[in-house]
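Step one of this worksheet: look at the structure below.
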Amino acid sequence: MALTDFATAKNLDFFEKIKQEENFVGNLYELDYTQAKVLLNDYDKNNVKGVPLGCFLIAIYSNVLRAGQMEGILLRVVGTAEIPQTKQIAETLTNAHIDRKENRKEILEPDTITKYFYQFSGLLCRVLGTFYMEQDKLVFGTDIENFLGAHHYRVYKPQKTELSVIVNENTKDSDYLRQKIGKLRYASSQSYDKEGDYAPDVYLRVEDVVARRSAFFGMTRMGKSNTIKIVVMAIEKLNQERNESQIGQIIFDVNGEYTFANQQDNTCIYDKLKDTNKVRRFSLSLSKTQGYEDVQAIRYDFYNDKTLEESFGLFCDEVALLKSSDYIRAFKAVDMFDREGDDEEVKRHKQRKRAIYKCILHRAKFLHGQNYQVKFTRFTRQSNKTLTSNEPKYHEGVSLEVACLYFEGLDQLDTKYEKDKDFEALLKVLQATNVSGYKALMDLRHLHSTQGSEDYKQEIDSALRAGQVVLVDLSSASTEVQEKYITRLCAHIFARSMEKFTNDKAPEFIQMYFEEAHNIFPKDDKDLKNIYNRLAKEGAKLNIGISYSTQEVSSIAPSILKNTQNWFISHLNNKDELKVLEKYYDFSDFSQSIIKNNDVGFARVKTYSNNFIIPVQIDKFKDKD
């Protein structure tokens, strides 16, 4: 049984405060280890201002096994229950309406005794656990150890102060920061608590999110991004209070709403943190990198030798989406990067291949510096043709235009490269004889920028390990391009952390945030070595936490869902999605409200340290300090 210790003096009279007559709801008439049934009437319902679906109730009793100490079974209302008189009440009521000969449109006014009989009904409740005192401390266990006859229990509706203990005290620890995220909310209708006298504030234990997995599910515009922004700022507040190493955060911003101010919030994460010198902005958009001095480009410079292999990999992935012909497949398979063990002749061959590749980029109108040059050794000819004295010294460096003229003028039959078909593949694309060749690659120029970082991954990784917030704006890219950049970044960060871990060094704490995760995460468990599956399963030991949001629970691989500890669920409109959700914790208790209630920011929240799901109206990000 999981135990939570509520070690505050104010909780010593917890049961006495709840056990007030004005809080009385009804009596139990059935109880077992998992559920309870409550008999109540209209008078008591109205007296406590309603008992909505999902409402917390406490069944208080005296436990003789603990010397008569009071205990309370925490209940959650999950539906209605029939009482033995249900059929009799229905039969009596229908007969009364049928027997009336006149004034059938008027409200039925039965006699006092019959009216009292009519007002009784039953509630079905889930047993969430037991509150009890131990050594003058309030303790909560997530089950019941024993149950007595139903007549021993009286059921009460706790009010604001005690509700705050129920929903928050098991998230409170003197060593950890709590962040207010909203207010307790049971229903879309809130007419009985307009003044806010009943619903307490709900807090998030920020350490619950750090190095763990968090899911944000709900339809578009239901408040997922709003909640993530609150979590990001909560972790930054935790950073301010930590004496130890800072927690780095990276947001893969596919819509640009975290990196740049938007009309919805009138602010953004960057605006909140720009005065702290702890936030960095990167973008794929050239207009933004040119329009804002602090925004760094995350595009590759495709001519940069330090990142040439990386950019070629990205280039080939994108080429595959455009063309699938044999010569393109051969082009993608070209081996032109030096490897350990290569001899000098092999290195010269690969240098020549890289020169041809850069000529292809030049012909495809990928921009480069004005004085950019390439070096390579000329092909050996089959014939004994003599060279003219004024032929360029290619091994010392020539312009790309000169290099292009050389490779385009080659007589393939007169050139010795038969043993290496890579040259044929490269020259076919460059010379574009009887094929579209380099012309087919012109549409990929958006991947390249002369402003591209030498290796943006290393720069971002270093910023994260220094505890900074990194905002990666990908809003100008297609979903395919977004996925490529995000995957490469995640793989790089994961590899760096794993390297530290295997060398017996503690990796830095890093939080990753993924919007529109269905475009990025796997949908099944066919490839458990996928970087996102590895982040879900191995991220905790590497101090890496992931937070992901999407509209459909079913769009995320089961292996990731099974490793998710924090759940924030807003409105879903599909019963198939609810079936998937109901596999986790006790979300089945909320299926009806999740599919019916579409209020923005109304979420059902299960966190790592909290023992049960809490329905919360999440605060608005723009209202936060």
Side-chain angles (χ1 to χ4, degrees), residues 14-64 68 70-97 107-132 143-159 162-163 166 186-187 189 192-193 198 586 588-590 592-593 612 615:
F14 178 75
F15 296 113
E16 290 297 335
K17 287 183 177 179
I18 292 176
K19 212 175 76 167
Q20 301 298 313
E21 197 59 32
E22 60 267 23
N23 297 333
F24 177 74
V25 172
N27 298 283
L28 294 188
Y29 65 94
E30 281 188 29
L31 176 66
D32 61 27
Y33 293 109
T34 60
Q35 66 178 24
K37 294 181 180 179
V38 183
L39 176 69
L40 72 168
N41 61 42
D42 294 344
Y43 173 81
D44 294 318
K45 282 184 190 175
N46 290 329
N47 196 44
V48 296
K49 295 187 177 180
V51 186
L53 189 68
C55 178
F56 290 118
L57 302 176
I58 297 279
I60 295 179
Y61 66 105
S62 177
N63 190 342
V64 296
M70 278 191 292
E71 293 186 1
I73 298 177
L74 180 63
L75 307 173
R76 178 165 57 223
V77 177
V78 295
T80 59
E82 282 196 0
I83 60 176
Q85 293 80 11
T86 298
K87 291 182 180 179
Q88 186 179 355
I89 291 172
E91 183 178 357
T92 304
L93 185 58
T94 54
N95 283 337
H97 283 295
I107 296 176
L108 180 65
E109 287 291 346
D111 60 80
T112 303
I113 295 176
T114 304
K115 186 185 296 185
Y116 179 74
F117 182 64
Y118 283 164
Q119 69 180 347
F120 280 90
S121 58
L123 286 178
L124 178 64
C125 298
R126 170 92 64 193
V127 171
L128 299 179
T130 307
F131 284 104
Y132 58 95
D143 56 14
I144 58 176
E145 194 172 19
N146 185 35
F147 65 89
L148 308 176
H151 65 283
H152 287 280
Y153 301 84
R154 285 170 61 84
V155 180
Y156 299 88
K157 183 181 179 183
Q159 297 303 305
E162 288 65 50
L163 270 176
I166 291 170
Y186 292 135
S189 305
Y192 302 143
D193 191 34
Y198 176 76
D586 50 343
S588 57
D589 291 351
F590 296 89
Q592 183 177 341
S593 64
F612 41 82

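Nothing fancy with the numbering, it's 1 onward along the sequence. The structure presented is a predicted model; accordingly, all values stated were derived computationally and were not measured.
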What are the two closest non-hydrogen atoms of [X] and [Y], and how far apart are they?
{"X": "Ala36", "Y": "Leu75", "value": "CB-CD2, 4.0 Å"}
{"X": "Ala81", "Y": "Tyr29", "value": "CB-OH, 3.5 Å"}
{"X": "Asp32", "Y": "Ile144", "value": "O-CD1, 3.3 Å"}
{"X": "Cys125", "Y": "Leu57", "value": "SG-CD1, 4.3 Å"}
{"X": "Glu16", "Y": "Gln20", "value": "O-NE2, 2.6 Å"}
{"X": "Ala59", "Y": "Leu28", "value": "CB-CD1, 4.2 Å"}

What is the ring orientation for [X] with [Y], classed by angle as parallel under 30°, tilted 30 to 60°, or perpendicular over 60°?
{"X": "Tyr61", "Y": "Tyr153", "value": "tilted"}
{"X": "Tyr33", "Y": "Phe147", "value": "perpendicular"}
{"X": "Phe24", "Y": "Tyr156", "value": "perpendicular"}

First locate atom [atom1] of [X], then atom [atom2] of [Y], and finally report the distance between them rounded to the nearest 0.5 Å.
{"X": "Tyr186", "Y": "Phe590", "atom1": "OH", "atom2": "CZ", "answer": "9.5 Å"}
{"X": "Glu82", "Y": "Lys37", "atom1": "CD", "atom2": "NZ", "answer": "8.5 Å"}
{"X": "Gln119", "Y": "Leu40", "atom1": "CD", "atom2": "CG", "answer": "9.5 Å"}
{"X": "Ile73", "Y": "Ile58", "atom1": "CD1", "atom2": "CD1", "answer": "9.5 Å"}
{"X": "Ile166", "Y": "Ile18", "atom1": "CD1", "atom2": "CD1", "answer": "5.0 Å"}
{"X": "Glu30", "Y": "Ile83", "atom1": "CD", "atom2": "CD1", "answer": "11.5 Å"}

Walk me through it: do Glu71 and Phe131 pass the test side chain to side chain contact (heavy atoms under 4.5 Å, CB included)? CA-CA 6 Å; Glu71 293 186 1; Phe131 284 104; over 6 Å; no
Can you find a pair of side-chain heavy atoms, one from [X] and one from [Y], that are under 4.5 Å apart?
{"X": "Glu22", "Y": "Val48", "value": "no"}
{"X": "Met70", "Y": "Phe14", "value": "no"}
{"X": "Tyr198", "Y": "Lys49", "value": "no"}
{"X": "Val127", "Y": "Leu31", "value": "yes"}

Working for side chain to side chain contact (heavy atoms under 4.5 Å, CB included), residues Thr34 and Arg126: CA-CA 6 Å; Thr34 60; Arg126 170 92 64 193; 5.6 Å; no
Where do Asp586 and Leu128 land on the side chain to side chain contact (heavy atoms under 4.5 Å, CB included) test, with the steps shown first? CA-CA 10 Å; Asp586 50 343; Leu128 299 179; 3.9 Å; yes
Do any N or O atoms from the side chain of Asn46 and from the backbone of Asp42 form a donor-acceptor pair under 3.5 angstrom? yes
Determine yes or no for a side-chain-to-main-chain donor-acceptor pair under 3.5 angstrom, with Gln159 supplying the side chain and Lys157 the backbone. yes
Considering only NZ, NE, NH1 and NH2 on the basic side and carboxylate oxygens on the acidic side, decide whether Lys19 and Glu162 come within less than 4.0 Å. no
Let me see the working for Thr130 and Glu145 under side chain to side chain contact (heavy atoms under 4.5 Å, CB included), right down to the final yes or no. CA-CA 8 Å; Thr130 307; Glu145 194 172 19; over 6 Å; no
